[in-house]
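Note on naming: letters A, B, ... go to the chains in the order of the sequence lines (proteins, then strands), and numbering restarts at 1 for each one.
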Amino acid sequence: MSRRPEEFIPVQAGSAGMYTCGPTVYNFAHIGNFRAYTFEDLLHRVLAWFGYDVTQVMNLTDVDDKTIRDSRKAGLPLKEFTRKYIQAFFEDLKTLNITPSAVYPAATDHIPEMIALIQTLMDKGFAYQAEDKSIYFSIDKFPEYGKLAHIDRENQISGVRIKNDEYAKDSVADFALWKAWDAADGDVRWESPWGPGRPGWHVECSAMSMKYLGKTFDIHTGGVDNMFPHHEDEIAQSESANGCRYVNYWLHCAHLMVNGEKMSKSAGNFFTLRDLLAKGYSGRAIRWVLLSCHYRKKLNFTFEALAQAEDTLKKFAEFFQRMRELPETAAESGLDPAKYEDEFTAALGDDLNVSAALAVLFNLQRDANKAADSGALPQSDGNAILDLYRKFDRVLGCLAVDEKNEEAVPAEVVDLAEQRIAARKNKDWAASDRLRDEIKTFGYTVEDIPGGWYRLKK
RNA sequence: GGCGUGGUUGCCGAGUGGCUAGGCAGAGGUCUGCAAAAUCUCCCACACCGGUUCGAUUCCGGUCCACGCCUCCA
């Protein structure tokens, strides 16, 4: 809201309450959506890294124009229709190793709470029922409206875009708290003191965040496009109803672009997580790409970046393997893991500066390799380094330090590799090369490691 | 029209009033039977024009360009 970094001071010492606008479950989420959820996960993990006890709440919007429209098109009851996409969403979160939220409240399970909130607004005179029977929030009653998006209502484009069905509102900018039922809603309807209908989008988040995090909580996140009007409206409703501050810190992440363009179905650059997995990319590499760009900067998604991420992670995997295979005794390396950890912590504490944090991983990798090259890295140091990367991964969640890469190499390939080692010992280079070619036909490459060892890679 | 963000070396991407971020790609060297891996060196940039300053990529002003939001898209 202040548009500058601020020190985080929680409502309750030692804990952090965080509300995240979750998916509208009418389809599979796309990687742009997951950019936001990955950013929020990073924030969650960094707060935990700094010792906060994090309570994250992510809502599921399972009733709105789109869910109703598409469930009717599919000929399914709303709940049944959205269940499929909710399930898919959870699978996707798992693929991206996103820390589970404490609660995933669904809008349709909280209608009474929303009605209660709307009633409070009615009682206090902030809301009114229009001729169309819908309930609207009167923006004129909330002078601070626009303080989050820094929008001055006077200077906005006037209502060229008003739809016919919105003429009932007192003021163009007023937004719906309760939408009166109409034929397009089919059997989607709930009873309320104002007649049948369904809640407006904004009121969902206010009612649910209040229920699980309290009237004033620490952090609210979402994509930039949610800033206005969605979050602005949440503030208006919540602060009007409760008479106290709604949220202390707002963090919005920028959009994801594909090849420099906005992702859209018509441009054919629209990808779901599943699309990428089907192309053979790993969840870890996708996570790396989504994570490695600062949240307030537009992320330009490219397949080159994705391939590079795969390479980077593979290099780390090889590095971790090397750190496991060090000599027991060696000269002193003088490497101080605490130094790298401090840098990592400082970087993340500075408004989630991931680039600087990742640079620490690369620097440590280089320094450790250098020490190992000169025979100055004993296994004890290697273990300390591995421990540190395990710690780093508590935040990054994609290094898989202890994931064994030995995905069941066929016995015959291992056998060929052993034969090749023997040939090399005898300096029979012709046989060695022939065996290497043969191993290649199985899809593996051998690399020699000093000391008569070898490594097989797919 | 209003509000806002940003333009960094071939590409991606941090950061700072003077001190090589980092990654990828490229060139050369070391190591290795070869290859791979690893490592070293090189490639030293900050849109443009003014101003402030001993000194600006970093601060200020202006220009150009790109992008986002302005009612339900993360």
Practice task
Examine the side chains of A:T99 and A:Q56 and answer whether a donor and an acceptor come within less than 3.5 Å of each other.
Solution key: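 Short answer, no.
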
Would you classify [X] as touching base, sugar-phosphate or nothing, given that sugar-phosphate means primed atoms plus P, OP1 and OP2, and contacts are heavy atoms under 4.0 Å?
X      : result
A:K179 : base
A:G32  : base
A:N353 : sugar-phosphate
A:L361 : nothing
A:R436 : base
A:H252 : nothing

Problem - salt bridge (charged side-chain N to carboxylate O under 4.0 Å, His left out): pairs with one or both residues in residues 21-47 of chain A, sequence neighbours excluded - result: A:D41-A:R45, A:D41-A:R287

Problem - Donor/acceptor link under 3.5 angstrom from A:S432 side chain onto base of B:rG33 - result: yes

Problem - No-H, no-angle donor-acceptor pair, A:D225 side chain to B:rG68 base, under 3.5 Å - result: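 No pair found.
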
Practice task
Could you check A:N300 against A:E40 and say which one's nearest nucleotide on RNA chain B is further toward the 5' end?
Solution key: A:N300

Handout entry: Closest-nucleotide 5' rank along RNA chain B - winner of A:D311 and A:H30
Key =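 The residue mapped nearer the 5' terminus is A:D311.
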
Exercise for the section: Determine, for A:R198 against A:D65, whether the closest basic-nitrogen to carboxylate-oxygen distance falls under 4.0 angstrom. Expected result: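 Looking at A:D65 together with A:R198, the answer is yes, because their closest N to O distance falls below 4.0 Å.
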
Handout entry: Minimum-distance nucleotide (side-chain atoms of A:D373 versus B:rG33, B:rA38, B:rC3)
Key = B:rA38

Practice task
Would you confirm whether the ring centroid of A:F303 sits within less than 6.0 angstrom of the ring centroid of A:Y281?
Solution key: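 A:Y281 vs A:F303: aromatic centres under 6.0 Å.
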
